[in-house]
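Have a look at the structure below before the remarks.
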4 protein chains.
Amino acid sequence: MDPRTKRKQREYEARRQEILSAAECLFSKNGFFKTSMAEIAQGAQFAMGTVYRFFKSKEEIYISIVEAKVEELAELLDEEIALVKTPSDKIQAFIRVKLDYADRHRDFFRIYVSEWSGYEWTIKSAFGERVWKLYMAQVDLVADLIKEGIRRKEFRKIDPKDAALALHGMLNSTMYVWILQAKPSESLIDKRNLISTLFLNGIQKESKPSYIRRVV
Amino acid sequence: MDPRTKRKQREYEARRQEILSAAECLFSKNGFFKTSMAEIAQGAQFAMGTVYRFFKSKEEIYISIVEAKVEELAELLDEEIALVKTPSDKIQAFIRVKLDYADRHRDFFRIYVSEWSGYEWTIKSAFGERVWKLYMAQVDLVADLIKEGIRRKEFRKIDPKDAALALHGMLNSTMYVWILQAKPSESLIDKRNLISTLFLNGIQKESKPSYIRRVV
Amino acid sequence: MDPRTKRKQREYEARRQEILSAAECLFSKNGFFKTSMAEIAQGAQFAMGTVYRFFKSKEEIYISIVEAKVEELAELLDEEIALVKTPSDKIQAFIRVKLDYADRHRDFFRIYVSEWSGYEWTIKSAFGERVWKLYMAQVDLVADLIKEGIRRKEFRKIDPKDAALALHGMLNSTMYVWILQAKPSESLIDKRNLISTLFLNGIQKESKPSYIRRVV
Amino acid sequence: MDPRTKRKQREYEARRQEILSAAECLFSKNGFFKTSMAEIAQGAQFAMGTVYRFFKSKEEIYISIVEAKVEELAELLDEEIALVKTPSDKIQAFIRVKLDYADRHRDFFRIYVSEWSGYEWTIKSAFGERVWKLYMAQVDLVADLIKEGIRRKEFRKIDPKDAALALHGMLNSTMYVWILQAKPSESLIDKRNLISTLFLNGIQKESKPSYIRRVV
DNA sequence: TATGAATGAGAGTTCATTCAT
DNA sequence: TATGAATGAACTCTCATTCAT
């Protein structure tokens, strides 16, 4: 490819990222509705018209932020889950990676949790649908792990989707309250053992000795 | 009391309710920001000025809806929990009552879940604080039940608040997805056994035979 | 006349006065536009509908206040001016009575000055015209005194109307600044000698020894 | 400076002036409260949002009009007063310049007089304070001239501030009535001699032959 | 291509006035 | 006659989006 074109593409991407960064910070602080395009443009050091060259609406910026991060998270989850064998271990990895990611992207997770259960009703668009699908893909990922666990007789016969949803909720509410605390007394990652234990004990066969590997 | 005054009070309350009803429906459908006072007034069949005789701002309407319902739910929870003895049974009652209430107040729970995890950042006011406290009171209620269970050696030694939060999340995400389905294939109350089993197995002592009473 | 009818009339007048009193106080404090009918009604201890039985609009209340007081002042001026003989003395009496009246009706004079030169452009009605005529009648009263003084060769040949207007302005600005002071260091009546001296010296024949009687 | 930037500044200033002009006309005709932002925008041939790019509130427009003109007048007064020597001449210059300015800025003086004595009670803000100070600076300017006249034994021993206030009032009421006349039979400047004579005779030492220079 | 001034519909809120009780 | 709840037009101000430069 023409190196000139390449450089242009790189620059384009860089500008796009700057806008997303500025917007992420503002959305996280003030919410979607109380953040204005003027603020986003100023935060990204661009004129408003320029912002509109990259995103056709405020809504699209919002969706793009969520999409990018959720995709990144999805990849991370896939990678880490692939490293271990048993469904139990995979679920533990899932929990660990997700909490860790939230720990490191606090700003974004403010938006994430909010989107997951708050804005969905106010942002109805093709994009909203796409984000929703990404979310549900995460739930389905866990559901599949549970299904495999049931097949292996490690887990009890429960509805995999419902159980996956429950795990999602446990993680979300935990993250939510952690985010609200101005100075979290403890790292979010410390909640990992509680959630792992709680969830795995909850779905494992009663007979099976509940052994949760403690990760240091 | 003067019967005339009484009737007036009744009428006042009736009108107030009509406004709250209309607003609840609209907030539930479109969210707080995309619902206008003009829509609320029209929905309640009143002039805008009339709405302002009952509520001094849009925010107050919102808060009133949440507060009233959350308080009602809190009372229901208290009552039902008092009817059974053991922490396990009380937690099961908690889950049942909450899912049942959501089943019967679908519109409101759209707002409830939204508020619980999305709204806090955009509306911070004395009212917002009050609602937040009501939410946390529910979490604390469960935390106390868990504490008691731990004291009785029925539950494992876990952080009661964190566990309570996890249960809250499980319920919320379950309700959330159920609400999003236009025509729920099954009643929300059917999820009760899954969540009860999952959560109680999760927190109970491993030695103890996990016995979840099936409620018919 | 039927004594019953009489009592009714007395009561009617009493109610009317209560409304005017409350309104005067409020207009004086907050101005015409920032005073609401609800406040006036509440201040007079009546329902809003009742206020409208006595005055057909907020504007009419405003005008009525001004009219009543200006008429009272006009009568006082006539009486006091009649007690002395020379144009000089009459003018001094005019100044004294007006300042004294302002001293005693501070609230009203806030409105008076305001009306005299502020609100006229915002309140255009038949009533506004009437108040304007009352004001100008006061100017004409002084103009006539000056005319008489000129005829008697006590005053110089100047335009009586213009001179009268000038006196009006001197009084107004003096009263205005006095009213604005939260705690006037001195009584408004103390300004009398300055204004009398200034104005009479200004219009008297140069040859004539300027003798201003000092009133104790 | 970059010529492009310069042109932009010029255009910005031009637009700002257009808004101020339209507002001045409307405020003068209908008063502050009965003039709506929609009318101002329409009068200036702009969209409402555009008006708000230049002024952050209706109040700020109002204040800006008054401030700009009062400052211009203040400069004119300073200049003209500096051209003559004696306090008497300076006071005459003051009167002449002010009447002349009113003659040429009729619309504004409607607002000026109104503000001077009617507005203070309804708009109390940092801006209002500023305008009030500008007004009082004019009074103080005259007060200083009178003080100097007293020191030179040209004027009688009177309170300089009170006398200055009286002059202000004479000018205001004269201007006010002139403004109210739809088609003034005579130019406002013709009142100059009356006011000068009246005021200077009023404050000059009796012994001193009253010599008022007639300006052609 | 980048700009940011201009747009104008629409927001929440107020309040003089009316009228059923 | 007295009430005060109801009205709804009008208010000030915001901001996502467009487009001439």
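Lettering of chains follows the sequences in order, A, B, ..., and the numbering in each one begins at 1.
The ring pair (Phe, Tyr, Trp, His ring centres under 6.0 Å) check on B:F55 picks up nothing, with sequence neighbours excluded. Under the rule for a salt bridge (charged side-chain N to carboxylate O under 4.0 Å, His left out), A:K58 has no partner lying at least two apart in sequence or in another chain.
Remark: DNA chain F forms stems of 3 or more consecutive Watson-Crick or G-U wobble pairs, all pair distances under 3.5 Å, at E:2-21 with F:2-21.
Listed for the A:T35 side chain is a donor-acceptor partner under 3.5 Å among the backbone atoms of A:L26.
Taking the six-membered ring where the residue is Trp, D:Y62 and D:F27 present perpendicular rings, their angle passing 60° and hence far from 30°.
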Donor-acceptor pairs under 3.5 angstrom involving side-chain atoms of residues 37-47 of chain A: please list them, not counting sequence neighbours.
| unit_1 | atom_1 | unit_2 | atom_2 | d |
| --- | --- | --- | --- | --- |
| A:E39 | OE1 | A:S36 | N | 2.8 |
| A:E39 | OE1 | A:S36 | OG | 3.4 |

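Considering all non-hydrogen atoms of both residues, D:F54 and D:R15 come closest at CZ-CB, 3.5 Å. Across B:F108 and B:V66, no two heavy atoms sit closer than the pair CE1-CA, 3.7 Å.
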Derivation of the side chain to side chain contact (heavy atoms under 4.5 Å, CB included) call for A:K69 and A:E24:
CA-CA 11 Å; A:K69 286 272 169 44; A:E24 184 183 329; 2.6 Å; yes
Could you go through the ring-ring contact (aromatic ring centres under 6.0 Å, His included) check for A:F33 and B:F32 one step at a time?
CA-CA 10 Å; A:F33 287 101; B:F32 179 80; 9.1 Å; no
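Within residues 15-25 of chain C, no residue is approached by DNA chain E to less than 4.0 Å at the level of any non-hydrogen atom.
Atom CG of C:L26 is separated from atom P of E:dC15 by 13 Å (rounded to the nearest Å). One can place NZ of B:K56 at 10 Å from P of E:dT13, the figure rounded to the nearest angstrom. Rounded to whole Å, the distance from CZ on A:F54 to P on F:dA16 is 19 Å. Between the P atom of E:dA5 and the CZ atom of D:F55 lies a distance of 15 Å, rounded to the nearest Å. Atom pair B:R7:CZ and F:dG4:P shows a separation of 14 Å (rounding to whole Å applied). When rounded to the nearest whole Å, the span between CD of C:E59 and P of E:dC15 equals 17 Å. Computed from coordinates, the B:I40 CD1 to F:dG8 P distance equals 18 Å when rounded to whole Å. Atom pair A:K34:NZ and F:dA16:C1' shows a separation of 17 Å (rounding to whole Å applied).
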Atom pairs, protein N/O to nucleotides 7-11 of chain E N/O, distance under 3.5 Å:
| unit_1 | atom_1 | unit_2 | atom_2 | d |
| --- | --- | --- | --- | --- |
| E:dT7 | OP2 | D:A47 | N | 3.0 |
| E:dT7 | OP2 | D:T50 | OG1 | 2.6 |
| E:dG8 | N7 | D:G49 | N | 3.3 |
| E:dG8 | O6 | D:G49 | N | 3.4 |

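Note that CD1 of A:I65 is 5.5 Å distant from CG of A:L20, once rounded to the nearest 0.5 Å.
D:R16 has its side chain within reach of D:Y12: a pair of non-hydrogen atoms, C-beta onward, lies under 4.5 Å apart.
Remark on DNA chain F: of its neighbouring residues A:Y52 and C:K8, the 5'-side contact belongs to C:K8, judged by nearest-heavy-atom nucleotide.
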